[in-house]
Amino acid sequence: MTKPSLPELLHAAVTAVGGTERPGQVTMAETVAEAIDDGSHLLVQAGTGTGKSLGYLVPALAHGERVVVATATLALQRQLVERDLPRTVESLHPLLRRRPNFAMLKGRSNYLCLHRLHEGAPQEEEEGLFDQFEAAAPTSKLGQDLLRMRDWADETETGDRDDLTPGVSDKAWSQVSVSSRECLGASKCAYGQECFAEMSRERAKLADVIVTNHALLAIDAIEGAPILPQHEVLIVDEAHELVSRVTGVATGELTPGQVNRAVKRASKLVNEKAADQLQTASEGFERVMELALPGRLEEVPEDLGYALMALRDAARTVITALGNTRDKSVQDEDAVRKQAQASVENIHDVAERITNGSEWDVVWYERHDRFGASVRVAPMSVSGLLREKLFSERSVVLTSATLKLGGDFNGVGASLGLAPEGTEGEDLPVWKGVDVGSPFEYRKQGILYVAKHLAKPTRDGTRTDMTDELTELIQAAGGRTLGLFSSMRAAQAAAEELRGRIPEFPILLQGEDTLGELIKNFSADPETCLFGTLSLWQGVDVPGPNCQLVVMDKIPFPRPDDPLMSARQKAVEEAGGNGFMAVAATHAALLMAQGAGRLVRATGDRGVVAVLDPRLATARYGSYLKASMPDFWLTTDRNQVRRSLSAIDAAAKKADAEKADEEKAAAE
């Protein structure tokens, strides 16, 4: 039999999901197939509405090699496993004459731990908590959640937290889950044969397609802890998030509270001398942290250095002691020991990393209103790690709606460890970038309005003229506004002010409800507005007329006092580059591209992206930022924008009225 062609396979898959083929999707599928065939690497920018999931799944399934798909968000993981993959596999089966199987794989703490569930959490600071498990009618929300999870454990096939509906708080889930360091190991655990995390790994070993997340991919690639099965093709979706997620995995932190918990956990398991040494080191560290002021530590201060060396040495002593002592009087001693060991090992590793020092690491103090001070360490850059660990052993396809910043792929490529496109070199990964466009006609569907007449934003954040402008824009739009703010403080101040000025337009504020509920309520009522910060720049998908105005209060540069960003910027400058453009402008461009992408989510969408920061029109870097956003029609004419918003609002109200009349007639 002749092998089915890629267009045949794509047509079958698109038909199965009820979609329509789009030129960009076809181009994407062809370029992905080429990259997989020749073992090269590919960056694909695929705009909203392209259908990029099928654009990479179809060629990957057709090739027949094992594939790992890593995504940044839970929503996309679920979409792939629950909708796209089942339909695609079934539609391709008659043509491929095989049925590829697939599985989802997450970190161990995402799965219910049967040992922890049945034996209880070995945490002396939460003693008595599990008495609520035995209560006939627990009154606390936590107790009710714990009982519900015990019942769920008998029904679930996956033990995956995301399959538990309704969900539970992080505190409740922490009582029934363990980290990989705390796990006893299947061979030592009484519940090892039934372990949900182990079963998910076994399913992944047998799967042709494994769907995972960026964090697990980073742990697998960077920490040398093999979690993912051997695979020939890696597809990174939502790839604009990868560097941030990898940095998060490679970041270490120490807090006095964390050290105190480790002391409590270890003290009853080791000899008195080892316990006292760790207790003394903990007290010394806490004294230093009481005086810690937020900011980067270009050199580790002497007092912090001594405190960390004492912690490191005490932790090493305790780790040795934990392996040499046994205390059968401690209930469920193995689990208690494993948890204590995990806590102390983390302290040892972070303290040693900071005291050893590395020109490639950034160290800084942070201070949190609720949790107090912490000392943190993160890599200056993850590009070298990614180049070495990600691109060396398999073909890698990275895709997102926003990979071209300032008109090319080189900025994102550099952050991933890739040399400028076309650069030759023995140790340099070969790659190419392809922009397959978008099915949307951005210049006809959207306006980019830059409020050039406003004053430049200031550090103190008080901007009366911006608030006036925002009020008028919302009134012209009839509500329908997603407000994207550069800080939570700015979002709160704007919401408070506008709730008093225009009470006829309800304003929802991030943090006042769960993100899911806020987006649901925003999309249900055309007069409602939604204000918030970082997660809204990337996490809102509201097609249709209820989101017709997207407002950015100012260009979202990183804070000047952000220790990691400022260190990265300084490093670029010392190497002879433009630190501001390489770090701050790239960060802002990525967020603005994502934020502007919230406006047009379907072919019938119309609206305005309003940037209330004149620097987008007046500063030299403005053209770079604009080139990173969808190609909307650009204007600085405030009157034109108000007329356009009013016309779009009127058209939406007319369409709503006609729809209501049709529904009424049908009902009669």
Side-chain angles (χ1 to χ4, degrees), residues 441-458 461-486 490-491 493-505 507 526-531 536-537 545-557 588 591-593 595-600 605-653:
E441 297 184 84
Y442 285 121
R443 290 189 73 79
K444 292 183 179 178
Q445 291 182 249
I447 297 171
L448 173 60
Y449 165 55
V450 185
K452 189 177 177 181
H453 62 283
L454 296 180
K456 289 180 186 177
T458 56
T462 53
R463 298 180 65 199
T464 306
D465 60 344
M466 187 277 288
T467 310
D468 294 341
E469 183 81 12
L470 180 56
T471 303
E472 292 176 19
L473 289 170
I474 291 173
Q475 288 173 322
R480 310 178 192 276
T481 300
L482 175 65
L484 304 177
F485 291 83
S486 51
E496 184 179 338
E497 176 69 23
L498 268 66
R499 281 169 175 167
R501 289 194 190 196
I502 43 174
E504 65 271 28
F505 299 114
I507 293 176
E527 293 188 338
T528 294
C529 304
L530 172 58
F531 287 6
L536 295 189
W537 288 76
N546 288 8
C547 180
Q548 294 187 331
L549 173 61
V550 174
V551 177
M552 302 179 195
D553 70 328
K554 66 179 183 178
I555 297 170
F557 292 124
L591 274 178
M592 293 184 81
R598 302 309 99 204
L599 181 69
V600 177
D605 287 356
R606 301 283 186 277
V608 171
V609 171
V611 180
L612 308 185
D613 186 336
R615 293 175 295 177
L616 189 62
T618 59
R620 289 174 61 188
Y621 53 76
S623 58
Y624 172 80
L625 299 175
K626 288 186 293 234
S628 306
M629 299 165 74
D631 186 26
F632 295 129
W633 185 75
L634 175 66
T635 185
T636 58
D637 186 336
R638 58 194 303 203
N639 295 321
Q640 172 66 55
V641 165
R642 282 157 181 69
R643 287 194 297 271
S644 297
L645 282 170
S646 297
I648 293 168
D649 178 43
K653 286 175 177 172

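Hydrogens, waters and symmetry mates play no part in the numbers below; they use all other heavy atoms, side chains included.
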Euclidean distance, [Y] [atom2] relative to [X] [atom1], rounded to 0.5 Å:
| X | Y | atom1 | atom2 | result |
| --- | --- | --- | --- | --- |
| E472 | I502 | CD | CD1 | 10.5 Å |
| E497 | R463 | CD | CZ | 14.0 Å |
| R598 | D605 | CZ | CG | 12.0 Å |
| N639 | S644 | CG | OG | 10.5 Å |
| S646 | I648 | OG | CD1 | 9.0 Å |

So, does [X] use its side chain to make a donor-acceptor pair with the main chain of [Y] at under 3.5 Å?
| X | Y | value |
| --- | --- | --- |
| T481 | A477 | no |
| W537 | A593 | no |
| D465 | A455 | yes |

Contact between [X] and [Y] at the side-chain level, heavy atoms closer than 4.5 Å - yes or no?
| X | Y | answer |
| --- | --- | --- |
| L470 | D468 | no |
| F632 | I447 | no |
| L645 | V641 | yes |
| E469 | Y449 | yes |
| L473 | R638 | no |
| V600 | Y442 | yes |
| L612 | K554 | no |
| T635 | K452 | no |

Taking NZ, NE, NH1 and NH2 as the nitrogens, is one of them in R480 or E527 under 4.0 Å from a carboxylate oxygen of the other?
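Looking at E527 together with R480, the answer is no, because their closest N to O distance does not fall below 4.0 Å.
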Output yes when K444 and D631 qualify as a salt bridge under the 4.0 Å nitrogen-oxygen rule, no when they do not.
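Salt bridge between K444 and D631, a charged N being under 4.0 Å from a carboxylate O: no.
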Between L482 and C529, does a side chain to side chain contact (heavy atoms under 4.5 Å, CB included) hold up when you go through it step by step?
CA-CA 6 Å; L482 175 65; C529 304; over 6 Å; no
Out of the candidates V450, L454, I555, only one should pair with R615 under the side-chain contact (heavy atoms from CB on, under 4.5 Å) rule; please name it.
I555
So among V550, D553, L530, which one has a side-chain contact (heavy atoms from CB on, under 4.5 Å) with L484?
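Testing each of V550, D553, L530 against L484, the sole residue satisfying side-chain contact (heavy atoms from CB on, under 4.5 Å) is V550.
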Parallel, tilted or perpendicular, as decided by the 30° and 60° cut-offs, for the rings of F557 and Y621
perpendicular
So, Q475 versus T471: side-chain donor-acceptor pair below 3.5 Å or not?
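Distance-only check fails for Q475 and T471.
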Whether over 12 other heavy atoms sit under 6.0 Å from Q640 CD
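Yes, the 6.0 Å shell around CD holds more than 12 heavy atoms from other groups.
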Atom of L634, atom of K626 and distance for their closest heavy-atom approach
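L634 and K626 have their closest heavy atoms at CD2-CD, 4.1 Å.
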